[in-house]
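In each ligand, atom 1 is the first atom listed, and ligand 1 is the first ligand listed. Counting from 1, the numbers follow the sequence of the chain as shown. We use all heavy atoms of the structure for the numbers below, so side chains are in, but hydrogens, waters and symmetry mates are not.
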Amino acid sequence: MRKPLIAGNWKLHKTIPEALELVEALKQNLADITDVEVVVAPVFTALVPVAKVLEGSSIVLAAQNCYFENNGAFTGEVSPALLKDAGCSHVILGHSERRQLFGETDELINRKVKAVLAEGLTPIFCIGETLEERENDEMMDVLKRQVTVGLKGLSESQMLNVVVAYEPVWAIGTGKTATGEQAQVAHAFVRGLLAGLFGTPLAEQVRILYGGSVKPDNVDGLMAQMDIDGTLVGGASLKAGDFIRIARFEKN
Ligand code: 13P
């Protein structure tokens with residue numbers, strides 16, 4: 001019922017020629033995939049050239065961030081309308097690197113989610129606890145706050161257009177993946193939070209991705225979990241072979 005979504009977050013990597021080389025390889029090797037939605041998120045400067053290569057393919061484009069205003073005196077920012085103009089259909093919001101390194105709050109992320117939805121784009125809304133929070137038994141409180149504040153004020157029809165990504169901060173770029181079971185516990189908890197806010201039938205339709213050291217050798221175990229509907233991939237999305245294998249995860 002929930003179509004799997006595999007997204008590559010390229011973070012601050014790849015020049016335009018490097019981005020084009022990667023996306024050409026993905027296009028050639030993933031052209032026949034129809035039962036999985038594939039999304040790539042290059043840096044801003046590569047969005048337009050990558051969009052041109054992706055034209056006519058089933059792979060779609062995401063930005064890694066945006067501002068909540070569509071225009072005005074906001075030096076250095078980019079808006080949902082401009083991202084749509086550049087060919088994006090998705091925008092990653094609230095990534096832990098934005099939260100930790102750039103001070104993004106739940107309230108700010110909430111404004112961004114609404115602005116992205118207002119433009120008809122799909123937010124990939126990221127949440128996740130730090131190692132310290134997990135060890136202090138605060139994981140559930142943190143996820144509850146992030147979900148409740150970050151998605152505050154959304155209508156049911158808006159929520160149907162949101163993709164949630166659970167990315168435990170301790171698993172990002174560390175090579176320490178959550179086990180399938182650990183991730184499943186968090187995903188089921190998040191789905192329960194969504195059910196509390198938007199009702200169970202709606203929560204059952206929302207895709208919840210897992211992110212944090214997803215690799216070709218652990219993707220199948222993660223995707224076998226009931227509440228894991230896809231993956232948000234960092235490091236392994238920079239290598240065509242790895243990302244193709246992840247997008248072609250073994251279904252069971
Ligand atoms: P890694 O896959 O490199 O751990 O990064 C995960 C991530 O942050 C994706 O958004």
Identify whether the distance between the nearest side-chain nitrogen and carboxylate oxygen of [X] and [Y] falls below 4.0 Å.
{"X": "Asp32", "Y": "Arg248", "value": "yes"}
{"X": "Arg2", "Y": "Glu204", "value": "yes"}
{"X": "Arg191", "Y": "Asp229", "value": "yes"}
{"X": "Asp227", "Y": "Arg207", "value": "no"}

Counting each atom of ligand 1 from 1 as listed, which ones have a heavy atom of [X] under 4.0 Å away?
{"X": "Gly235", "answer": "1 (P), 2 (O), 3 (O)"}
{"X": "Ser213", "answer": "1 (P), 2 (O), 4 (O)"}
{"X": "Asn9", "answer": "9 (C), 10 (O)"}
{"X": "Leu232", "answer": "9 (C), 10 (O)"}
{"X": "Glu167", "answer": "6 (C), 7 (C), 8 (O), 9 (C), 10 (O)"}
{"X": "Lys11", "answer": "5 (O), 6 (C), 7 (C), 8 (O)"}
{"X": "Gly212", "answer": "4 (O), 6 (C)"}
{"X": "Ala171", "answer": "4 (O)"}

Quick check: do Ile172 and Glu97 have side-chain heavy atoms less than 4.5 Å from each other?
yes
I want to check something: taking the side chain as every heavy atom from C-beta on, are Trp10 and Val43 in contact at a cut-off of under 4.5 Å?
no
State whether Phe243 and Lys239 meet the cation-pi test: NZ (Lys) or CZ (Arg) under 6.0 Å from the six-membered ring centroid, and within 45° of the perpendicular axis.
no
Tell me whether ligand 1 is touched by Gly173 - counting only heavy atoms on the residue side and a distance under 4.0 Å.
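Flag set, Gly173 near ligand 1.
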Gly234 to ligand 1: N or O pair under 3.5 Å?
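Looking only at distances, the answer is yes, because the N/O contact criterion of under 3.5 Å is met.
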